[in-house]
Every structure is written in C-alpha cells, then in structure tokens.
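Read the structure below first, then the notes.
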Amino acid sequence: MCGRYNIITDAQALVDYFDVLNEIDFSPRYNIAPSQDVPVVRQQDAGRELALLHWGLIPFWAKDEKLKYSMINARADTVHEKPAYREAFKKRRCLIPASGFYEWRKEKGRKQPYNIRLKDTDIFAFAGLWEHWEGPEGEVIDSCSIIVTEANKLIEPIHDRMPVILSTKGYDTWLDPDNHNTNTLRDLLTPYPPAKMECYPVSTVVNNARNEGADLIKEKY
DNA sequence: CCAGACGTTGTT
DNA sequence: GTCTGG
DNA sequence: CCAGACGTTGTT
DNA sequence: GTCTGG
C-alpha cells in the first residue's frame, strides 16, 4: 500500500513538470503522512490545476469526518464499484505528485523502512481520486486517496502492495473528467515496470511523521 | 420498513 | 447517496 | 504508514 | 484493541 511518501522538488518544478496554470505554496517534503495536505493535479475547464488536498478521502455523503482516517488508499481492482470511491473514479480523478514512497518490511520482529523511487526522474505521479465534502456545520474539505495495486518484482520482497504510478503518457487520459470508459481507465492501474525503479533501506527516523529532512532518504548500510 | 456500513493491511 | 442485513 | 494515547481532578 | 494525530 502507500502510507508515507516524499516530494523532493520545489513548487516551480511541480508547476513545470505537470504543466499547470496556477502557482502553489510548497516546499520539498521528505515525510508526507496521511491527514496532511498534499499537492494534487486536477483537470479544470481551462487546464490543469495544482491544489493542496487533505490526504484521506472523505466521501461526499459522509455525515462526519471520521472516515478520513481510513480512506488513504483505494484498491485498483475494486475502485470503480466501491461506494466510497466509485463517484470519484467516474468524475474526479487526479495525479498525486511524488518523488518516492516508503514501504516497511517486517524482518524478525522489526520493521525496516525502504525508499522507493524511479531511476530516471525526480517527479512522477500516483493515480489518485479526489472528493469534495461539505459538513453539517458548513465545513468544506477537498480530500484525496492514492490508488494501490499488487507489488511488482522489485517491491514484492518488501511488501505485497504498492501505489499505482502512472506513465506520463497516461496523464491526460486519467485526468479527463469526461472519460467514462472504465476499461481504458482501469488499464492504467497496473504495477509500474520494476526495471525503471530502485529501492533501498533507510533509517527508522522516517517512522515518526514529525521528522523531516534529507537524512530520511539516505541509504542505510 | 429502519439501521448501519461505506476502507486497507496485517495479524491472530 | 446507496446498498446490505435484519 | 507509524507513534502515542487511552482518565480525572486539582494545582502550578 | 482501537482511535487520533502527524
């Protein structure tokens, strides 16, 4: 699955890479955790937009915010039919920028974190969904979830699930709110080619979501 | 009809 | 909002 | 995802 | 064990 990741570029790099129209207030992050506001690329009528959304999707019909603790990931194989996600899957797909993500491997009673990234780029995108929620007191929260699938050969030894990473070719298809071809969309939700990724152990300092900084992605020998 | 869930992963 | 279970 | 709280009263 | 916070 995907419960912690990093974005190690500045705001301008995100704007340039995703070709969005607006500016955004963002600094590099080494330890992004659920419940935080994360940069998300959405398709607007005029073009792409970067927005900061709460990580942990709150379905539009939710009576309170309680669900935001569990909806951080959506399974690729069922996302089109699950009550909490199917509306967002139809009309509110997004890209969730990242530079890498962390997975923990259970080894003899301990949990060893790994950083996983792409060999040839500092920026890529998870396949995501977003949702608009208005609470009974008039609160408004836009939130998002990262789609997950089975692990590829690189990740398998560490964890049996991994986030869906979209190829750049898939961005437009995924973002198009008028694309209602479920099969075409689901075809994008496959494990990324392991040959294009790399994976290495890091310090358990990343475990605590309060910790930040470049040390978090240093390889642990 | 109303009540309650609506999610994922991992562990026992 | 919509589906399932009772 | 992991870490940390999980309770009340009264005092500083 | 389960929930909340980061």
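- When each of B:dG7, D:dC1, B:dT9 is scored by its nearest atom to the side-chain atoms of A:Lys111, the top-ranked nucleotide is D:dC1.
- A salt bridge links A:Glu87 and A:Lys90; the closest N-O separation between the charged side-chain nitrogens and carboxylate oxygens is under 4.0 Å.
- Distance noted for atom P between E:dG5 and B:dG4: 25 Å (whole Å).
- Rounded to whole Å, the separation between the C1' atoms of D:dT8 and B:dC1 comes to 44 Å.
- With respect to A:Asp77 and A:Lys82, no salt bridge is recorded, no charged nitrogen being found less than 4.0 Å from a carboxylate O.
- Listed nucleotides B:dT9, B:dG7, D:dC2 differ in distance to A:Arg75; the shortest reach to its side chain belongs to B:dT9.
- The nucleotide whose nearest atom lies closest to any side-chain atom of A:Val148 is, among B:dT9, E:dG6, C:dT2, B:dT9.
- In this structure, of B:dT8, B:dG7, D:dG4, it is B:dT8 that holds the atom nearest to the side chain of A:Asn73.
- Searching all strands for a Watson-Crick or G-U wobble partner of D:dA5 with both distances below 3.5 Å returns E:dT2.
- Residue contacts shown for A:Thr78 are limited to sugar-phosphate atoms, with no base heavy atom under 4.0 Å away.
- Counting non-hydrogen atoms under 4.0 angstrom, A:Leu57 reaches nothing in the nucleic acid.
- Aromatic ring centroids of A:Trp55 and A:Tyr5 lie under 6.0 Å apart.
- Phosphate proximity of B:dG10 to A:His159: present, with a side-chain N or O under 4.0 Å from OP1 or OP2.
- Residue whose closest nucleotide on DNA chain B sits further toward the 5' end, between A:Trp61 and A:Met1: A:Trp61.
- Listed nucleotides: B:dT9, D:dC2, B:dC6. Nearest to the side chain of A:Ala84: B:dC6.
- Within the 4.0 angstrom heavy-atom criterion, only backbone atoms of the sugar-phosphate kind lie near A:Ala74; the bases stay farther away.
- As a whole-Å value, the separation of A:Asn208 CG from D:dG4 C1' is 9 Å.
- Atom name P, nucleotides B:dA3 and D:dT9: the rounded distance is 34 Å, in whole Å.
- Look at the C1' atom in both D:dC2 and B:dG10: the space between them is 14 Å, to the nearest Å.
- Of the listed nucleotides (D:dG4, C:dT2, B:dG7), C:dT2 has the atom at the smallest distance from the side chain of A:Arg86.
- Atom CD in A:Glu134 sits roughly 12 Å away from atom P in C:dG1 (whole-Å rounding).
- At a threshold of 4.0 angstrom between heavy atoms, the contacts of A:Asn31 with the nucleic acid are absent.
- For A:Trp104, whose side chain is taken as the heavy atoms from C-beta onward, the closest listed nucleotide among D:dC2, B:dG7, B:dG10 is D:dC2.
- Here the P atom of nucleotide B:dT9 and the CD atom of A:Glu103 are 10 Å apart, to the nearest Å.
- Not a single donor-acceptor contact under 3.5 angstrom links the side-chain atoms of A:Ser35 to the base of E:dG5.
- Residue A:Ile147 contributes atom CD1, which lies 11 Å from atom P of B:dT8 at whole-angstrom precision.
- Note: CZ (A:Phe60) to P (B:dG7) measures 13 Å, nearest angstrom.
- A:His54 has its NE2 atom 12 Å from the P atom of E:dG6, to the nearest Å.
- Salt-bridge formation is not detected for the pair A:Lys119/A:Glu198: no Lys NZ or Arg NE/NH1/NH2 atom is positioned less than 4.0 Å from an Asp or Glu carboxylate oxygen.
- Nearest nucleotide to the A:Pro34 side chain, out of B:dG7, D:dA3, E:dG6: E:dG6.
- Note on A:Asp172 versus A:Arg48: salt bridge recorded, some NZ/NE/NH1/NH2 to OD/OE distance being below 4.0 Å.
- Remark: A:Arg93 is not positioned above the aromatic ring of A:Trp130, lacking an NZ or CZ atom under 6.0 angstrom from the ring centre and at most 45 degrees off the axis.
- Here the nucleotide nearest the side chain of A:Lys63, chosen from B:dG10, E:dG6, C:dG1, is C:dG1.
- Taking atom OH on A:Tyr30 and atom C1' on E:dG6, their separation rounds to 19 Å, with Å as the unit.
- Counting to the nearest Å, the P atom of D:dC1 and the CG atom of A:Leu216 are 18 Å from each other.
- As judged by a 4.0 angstrom heavy-atom cut-off over every strand, A:Tyr85 is placed among residues touching the sugar-phosphate backbone only.
- The 12-atom threshold is not exceeded at CD of A:Glu150, counting heavy atoms of other residues, nucleotides or ligands nearer than 6.0 Å.
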